[in-house]
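Just so it is clear: chains get the letters A, B, ... in the order the sequence lines come, proteins before strands, and each one is counted from 1.
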Amino acid sequence: MAQDGFLKVSRRGVLAGGVASAAASRASIAFAQENSGASAVEATVPLKFTVNGEDRQLDLDTRTTLLDALREHLQLTGTKKGCDHGQCGACTVIVNGERINSCLSLAVQHEGDEVTTIEGLGSADRLHPMQAAFVKHDGYQCGYCTPGQICSAVAVLDEIRKGIPSHVTEDLDGAMQPSNVEMRERMSGNICRCGAYSNIAEAMAEVAGA
Amino acid sequence: MEFNAPATENLFDRAKLVGKSTPRIDGPLKVSGAAPYAAERHDVVAGQAYGWIVGAAIAKGRIRSMELGDARRAPGVVAIVAATEHEPVGTSPYNHAPLFGGRDIAHYHQAIAVVVAETFEQARAAASLIRTQYDAADGVHDLARVKSAAKIGTGFSGESMKDTLGDFDGAFGGAAVKIDATYTTPDEAHAMMEPFATIAAWEGDKLTVWTSNQMINWGKRALASILGIEADNVRVDSPYVGGGFGGKLFIRADAVMAALGAKAAKRPVKIAMQRPLMFNNSTHRPATIQRVRLGAGSDGRITAIAHECWSANITGEDGEHGTLQTPKLYTGANRLTASYVSQIDLPEGNAMRAPGEAPGHMALEVAMDELAEQAGIDPVELRILNDAHGVVPGDPETKISDRHLARCLKEGAERFGWSERKAQPGQARNGRWLTGMGVAAGYRAGPTAKSAARVSLSADGKLKVETDMTDIGTGSYTIIAQTAAETMGLPLDSVTVELGDSNFPVSSGSGGQWGAASSTAGVYAACVNLRRMIGEKLGFDGDAADFQGGLATLDGQGWQITEAGALSADGEMTYGDFKSDYDVGTYAAHFAEVRVDAFTGEVHITRMLAVCDAGRILNPLSARSQVIGGMVMAAGATLMEDLHVDKRFGFFANHDLAGYEVPVHADIPHQECIFLDTLDPIVSPMKAKGVGELGICGPNAAVANAVYNATGVRVREYPITVDKYLDRLPALA
């Protein structure tokens, strides 16, 4: 089928392009031996980055997302995969101080980056203040969106502190306040189907006020 | 232990832990990312390969061919199990649609293959190389088209879903005030945050699945039946469940395909179902068409009440019974309730949070609002006026166990500032905002099911509870620990709780808001047995002794319970026939306030309040979360949630979390929830009922009524989206 041919070509094209741009800053690229069948070329790329303050090195399939690098390769499963499409926010991590959906970037884009995951914020016996506030205010139920909510919440308060405006910011010149509406607007990329929003807002307000 | 008579005063009436707000004992694990969900269990078995499920691209028909060669030759592929090469799997009493049905396709995105590869990326890439040809068959995908062919449905216990009392037609014909309105609710998705996920591993003929499931024992038996193996050879483990809402009551394709994939690959296989497959592959809440007729005297007393509901399902059975609450809520001597079901060619409809009642309230409680307006009576007053006492209105032979609905309404109205509401709709204006308030009553059954547990006391005074109960976000871990600590007289931090393993005693599981009441009663039964064992060992009557602070005391004597040494006791709570004389229900009054942009029609919910009557509240902190979570889902049902059926091809077109809109932070204001201090002696020794579904029964209608109160526009086709009313908003003055 013509369609098959198109897909093959396009995959090769995409891979080649991706590899070429990655190669500019990398010493070595390993290619898996091409299979005799219809399959595409597979490439792995070495990656060095910092995760929760630790230097990590991985040799990754170029298609591996930052999310899967964390969950499957580093077995840091606190970061959740809810949709793999940037639609739910469960995979939120903090990269170089800014929150991102880790499912929406390839791991190999993160050479040299500093990644903080939920495990890096605190542990069960040494909770980060935001984690402790979530426990106190019952800012979760099933817990699956929770690490993403907490990573977002920490980054949101930082954004407000830095005066980065949002859609609902009324006064762009004055000192920005962590108001309920400001926090809710900024947190809206993190879905909680259990519906803990009201409690999350209270947890964030407590931390913001501290 | 059989609960065979109403509860009298017991240790829970003097409780120190049960009934007190307690942060979740699993909280630190959840907030630190350390709680292990199904697909994350790298440690349970070595050599996990990755599976990717391929879904059918037609709604009905047969697979003509599958080209698998390219996929098989793709890098990293270990095994492929495809519909053209594999017998259909068996069925279970819990599944309507086939989970892997060979060449015959019953619904869109039915699993037709699993590709197993060394890595996730390889499995996904190889799956895209499979080319499938179909012979599509004609199907019917439109509820309105199949409605006329509907048959009377059957309820959860096989009962007919049509009931009459008195002479509805005569009474309705002669009523001074009448409402006859039809409402529609769309198909809805559970859309829980954790996808269906399973790691499956075979050891000889024994299968273990680490999965995400609400009902462990159902899952174990269903998986055995589906795969044609002995239930004793199946272990299901699900200690953390990332949301279910009914969607994880039953084994789904992730578990079946992981098991088949693992067999073919001869190694463990992990599958997390891709989000875009979930909506059509699994179950949903079926759409309804509901007609409500209410007849009342000019004093507002209801004389005639009819509620009919039409829904459809793939088998033509098991519909969405929107009428369930109607016989329970309001008096009226002449009644008709009927729920009809048709066959439709869509994915399987099945239980979603308060199946039946959630959409049922969206019709009945809006009709009550319409009746109140027509009768010129305040909606809160109308509900109090028609409140039931003593017996179930639609079933006068059944007694009401414990009901305080009028109190919920009165206290709620007071608290919410209901007296500020303008009875005339569209009259309250604050700048660009039209504002309004709405109220609705809520009813959801408070069932119990038999439930067992094992409690083990170690020589150092630590207590371990094991039961196959699940915690789907409901707070089971914590209320079970509270119950065990209370009964054994130990501090909360001496108790550990292990859940969700089919090797543990069989519990009620989580569903139908029966879990909290049932599982804690089962743990209580096991603890009573352990107290007896300790008494026998140390020479006192364990039933008569008082257990507190690690001591058992009786008649002035005391014993350290650790002196009995390590002991373990199983126990189970079962329920006697006396309960069938009663309807055990939970009740609520829900209030909502909205503002509607007079220019754009955008709706903002500004306040929500629930006042709940559900007996003893075991842990007010997590129970409140259950209720406000239900209120969020209810807000979604009213204002946005809508699986759009592509009626040409027979599938839900918006099958991901961008297309299927659910409420986000910005949509939800501060929510308030108040629990009445009530006890229900009919439910169990705990006198406690569940609230997880009560929270979604009524807030949906309260929001709809508030939108009407704000705008004067009544939208009866849910969800209430701006396209349905923008041209009818009040004139901009």
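Looking at A634(B), there are no atoms closer than 4.5 Å to chain A (heavy atoms on both sides), in backbone or side chain. With a 4.5 Å cut-off on non-hydrogen atoms, Y477(B) does not touch chain A at all. For L76(A), no part lies near chain B; criterion is any non-hydrogen pair under 4.5 Å. In this structure, chain A has a heavy atom under 4.5 Å from the side chain of R624(B), while its backbone stays farther away. With a threshold of 4.5 angstrom between heavy atoms, L621(B) approaches chain A through its backbone and through its side chain. With a 4.5 angstrom heavy-atom cutoff, P36(B) does not touch chain A via any of its atoms. Contacts of A658(B) with chain A are made by both backbone and side-chain atoms, with heavy-atom separations under 4.5 Å. Only the backbone of D667(B) comes within less than 4.5 Å of a heavy atom of chain A; no side-chain atom from C-beta onward does. Only the side chain of V632(B) comes within contact range of chain A, with heavy atoms under 4.5 Å apart.
Contact of the R186(A) side chain with the H665(B) side chain is not registered, since no non-hydrogen atoms from C-beta on lie closer than 4.5 Å. Within the 4.5 Å cutoff, the side chain of Q87(A) has heavy atoms near those of the D656(B) side chain. A heavy-atom distance below 4.5 Å is not found between the side chains of H128(A) and V31(B). Between C194(A) and F245(B), some side-chain heavy-atom pair lies under the 4.5 Å cut-off.
Of the possible polar contacts, none joining the Q141(A) side chain to the T474(B) backbone as a donor-acceptor pair under 3.5 Å is found. For the pair H42(B) (side chain) and R71(A) (backbone), a donor-acceptor distance under 3.5 Å is present.
In this structure, K30(B) fails the cation-pi test against F134(A), since its NZ or CZ atom is not both closer than 6.0 Å to the six-membered ring centre and inside 45 degrees of the ring normal.
By the ring-ring contact (aromatic ring centres under 6.0 Å, His included) test, Y37(B) pairs with Y144(A), Y240(B), sequence neighbours left out. Legend: residues meeting salt bridge (charged side-chain N to carboxylate O under 4.0 Å, His left out) with R24(B), ordered by chain and number and at least two apart, are D138(A).
Note that OG of S198(A) and CD of Q671(B) are 5.0 Å apart. Values are rounded to the nearest 0.5 Å. To the nearest 0.5 Å, atom CG of residue N199(A) and atom CD1 of residue I628(B) are 4.0 Å apart. With rounding to the nearest 0.5 Å, the separation of CD in Q75(A) from CG in D43(B) is 8.0 Å.
Interface summary for chain B: among T64(A), D61(A), T146(A), D84(A), the most heavy-atom pairs under 4.5 angstrom belong to T64(A). Top candidate by heavy-atom pairs under 4.5 Å with chain B, chosen from M183(A), K81(A), E185(A), is K81(A). Of the listed residues (G69(B), G33(B), S32(B)), the greatest number of heavy-atom pairs within a distance under 4.5 Å of chain A belongs to S32(B). Counting heavy-atom pairs closer than 4.5 Å to chain A, the top-ranked of the candidates A34(B), P663(B), A35(B), G630(B) is P663(B). For the options I191(A), L127(A), N190(A), heavy-atom pairs under 4.5 Å to chain B are most numerous at I191(A). Counting heavy-atom pairs under 4.5 Å between each of G143(A), G120(A), G122(A) and chain B puts G143(A) at the top.
P23(B) approaches V135(A) most closely through the heavy-atom pair CB-CG1, 4.0 Å. Between A666(B) and S188(A) the shortest heavy-atom distance is N-OG, 2.9 Å. For the pair C142(A) and G242(B), the tightest heavy-atom approach, listed with the atom from each and the gap, is SG-C, 3.3 Å.
Between the side chains of Q274(B) and H85(A), no donor-acceptor pair is found at a separation under 3.5 Å.
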Side-chain atoms of residues 44-51 of chain B: list all donor-acceptor pairs with protein atoms under 3.5 Å, sequence neighbours left out, distances to 0.1 Å.
unit_1, atom_1, unit_2, atom_2, d
Q48(B), NE2, R41(B), O, 3.0
Q48(B), NE2, V45(B), O, 3.0
Y50(B), OH, E72(A), OE1, 2.6

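With respect to R193(A) and E641(B), a salt bridge is recorded, a charged nitrogen being found less than 4.0 Å from a carboxylate O.
Contacts with chain A (heavy atom to heavy atom, under 4.5 Å) involve these residues of residues 190-197 of chain B, listed by number: H190(B), A191(B), M192(B), M193(B), E194(B), P195(B).
No more than 12 heavy-atom neighbours from other residues, nucleotides or ligands sit within 6.0 angstrom of CD on E170(A). Heavy atoms of other residues, nucleotides or ligands lying less than 6.0 angstrom from CD of E202(A) number more than 12.
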Tell me, with the steps shown, if D68(A) and E121(B) meet side chain to side chain contact (heavy atoms under 4.5 Å, CB included).
CA-CA 10 Å; D68(A) 285 325; E121(B) 294 79 15; 4.1 Å; yes
